[in-house]
Number of protein chains: 2
Amino acid sequence: MVKDTTTESIILEAARTVFLKKGMAGARMQEIADEAGINKALLHYYYRSKEKLFDRILEEAIGQIADGLNKALEEEQSVTLKLFALVEVYLNVLRDNRYLPLFVLNEMNLNPEKITALIERKIAKHIPGFLKQVREEVEQGLIAPIHPMHLLLNALSLIIFPVAAYPVLSKIGGAGELPVFEAFLDERKPGIKQFITHALRP
Amino acid sequence: MVKDTTTESIILEAARTVFLKKGMAGARMQEIADEAGINKALLHYYYRSKEKLFDRILEEAIGQIADGLNKALEEEQSVTLKLFALVEVYLNVLRDNRYLPLFVLNEMNLNPEKITALIERKIAKHIPGFLKQVREEVEQGLIAPIHPMHLLLNALSLIIFPVAAYPVLSKIGGAGELPVFEAFLDERKPGIKQFITHALRP
DNA sequence: CGTACATTTGACCAAACGGTTAAAATAAAA
DNA sequence: TTTTATTTTAACCGTTTGGTCAAATGTACG
């Protein structure tokens with residue numbers, strides 16, 4: 001993280017905290033101002049409206065997701081190793097941003113037209129290539145037959161869902177079943193890799 | 001669905017629609033009244049406050065999730081067949097309630113103390129037994145070695161996440177890659193079962 | 001120093017919100 | 001029908017919310 005102390009970035013940091021946790025509808029400009037330790041009018045001085053400020057945070061959030069996906073899929077490796085990279089990259093991002101998935105999914109449900117453009121522009125890049133590679137490795141018998149899109153989807157599910165659902169899971173699991181968040185993520189990494197590896201055995 | 005035409009259930013149906021889509025913070029009492037085709041004051045006549053009405057819907061939602069889980073895990077079957085049942089039961093529920101997962105996960109993040117009691121009371125029932133069964137089948141060599149809690153978590157991830165993320169996925173996938181929602185779920189069912197089966201091969 | 005410019009603040013505003021109330025409309029009981 | 005109880009509504013209330021503005025404070029520069 002870049003340690004920025006300008007008013008502008010202090011505001012952004014506060015907006016990030018509040019918006020990510022409470023979403024557009026649940027966030028209050030006054031709360032963001034308090035979190036930043038400034039006057040509420042100053043928020044409007046730098047970012048004209050709640051919506052403008054929110055859009056900024058939303059774009060940043062989608063950017064993080066897109067960067068992770070692209071970083072994991074761009075290097076020339078086998079399908080399995082690309083998915084392993086995806087596990088590493090995403091779980092490291094989510095360790096410091098556990099509200100990221102729900103935040104984006106929510107606003108997508110609430111306001112699809114706002115996100116659609118961002119997603120199509122930033123995320124779609126390396127996906128067609130990856131799907132093609134899956135098809136090839138299946139034909140070569142390197143991995144078990146599987147619908148390429150479903151494979152990617154399965155990997156994303158295994159990575160993201162447990163993070164988003166952690167608060168619920170920690171209750172379902174019963175006393176002491178689930179470790180604290182960070183340790184839980186460390187457990188998930190090999191767990192997911194093993195599950196994917198096994199599922200892809202020809 | 002029970003076709004109820006009393007004012008009380010008309011209100012509940014409207015509240016369901018609005019709360020599930022927009023959450024507590026985003027929902028407006030006036031919108032619920034409009035959706036129900038009644039006066040706003042009537043909402044308060046039957047359900048005293050927004051929070052009371054919301055709690056009713058939330059309890060109902062958690063009940064659906066709990067029922068699905070319990071129904072799938074209670075019958076005496078192998079681990080694999082229990083997970084297959086979970087796929088069937090949940091994807092059938094989610095077909096008619098695509099906002100259910102995000103709704104519950106969100107309110108859990110926002111207001112843990114409200115849900116915690118409900119979850120512990122309704123959901124935890126059959127889980128310890130299932131985890132024990134996984135341990136036994138692993139020892140007997142019927143399925144590949146795996147952490148029981150992670151297996152359950154993986155199954156839930158594969159089932160729920162794609163439903164919650166469908167709006168995003170339909171954009172990522174690019175033009176024509178993903179079918180419409182209902183057809184997508186029909187595709188997922190065998191996809192998930194195959195993935196789990198493969199992953200559990202000893 | 002003084003002046004021009006940017007930054008920050010407290011006070012305020014209009015709209016939206018959850019909730020209340022008294023009266024109207026409807027149904028049930030006599 | 002008349003009376004009583006229930007259901008529904010329009011109008012209203014106090015608070016919260018996003019947003020504005022003029023004044024105050026700080027900063028750069030001649």
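In this text the structure is predicted, and so the values were computed from the model without any measurement. So that the names make sense, note that chain A is the first sequence line, chain B the second, and so on, each numbered from 1. Just the heavy atoms: all of them, side chains too, but no hydrogens, waters or symmetry mates, feed the values below.
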L43(A) CG to dT9(C) C1', in whole Å, measures 12 Å
Exercise for review: Would you tell me if any nitrogen or oxygen in the side chain of S49(A) comes within less than 4.0 Å of OP1 or OP2 on dG18(D)?
Suggested key: no
Comparing nearest nucleotides in DNA chain D, the 5'-proximal residue of the pair M24(A), A41(A) is M24(A)
note: E51(B), atom CD; dC17(C), atom C1'; distance rounded to Å ~ 15 Å
Original post:
Are N97(B) and R16(B) close enough that a side-chain donor and a side-chain acceptor fall under 3.5 Å?
Top reply: no
By nearest-heavy-atom nucleotide on DNA chain C, the more 5' of Y46(A) and R48(B) is Y46(A)
Y47(B) OH to dT8(D) C1', in whole Å, measures 16 Å
* Asked: With a 4.0 Å cut-off, would you call E31(A) and K22(A) a salt bridge?
  -> yes
Against the side chain of H44(B), the closest entry in dT7(D), dG18(C), dT8(C) is dG18(C)
query = Mind checking whether F184(A) and Y166(A) have parallel, tilted or perpendicular rings, split at 30° and 60°?
reply = tilted
Among the nucleotides dC17(C), dT7(D), dT7(C), whichever has the atom closest to the side chain of Y45(B) is dT7(D)
Look at the side-chain N and O atoms of R28(A) and state whether any lies under 4.0 Å from the OP1 or OP2 oxygen of dG18(D). yes
Exercise. Could you tell me whether K193(A) and E88(A) make a salt bridge, using a distance below 4.0 angstrom between a side-chain N and a carboxylate O?
Key: yes
Is there a donor and acceptor pair, one atom on the side chain of K40(A) and one on the base of dG19(D), closer than 3.5 Å? yes
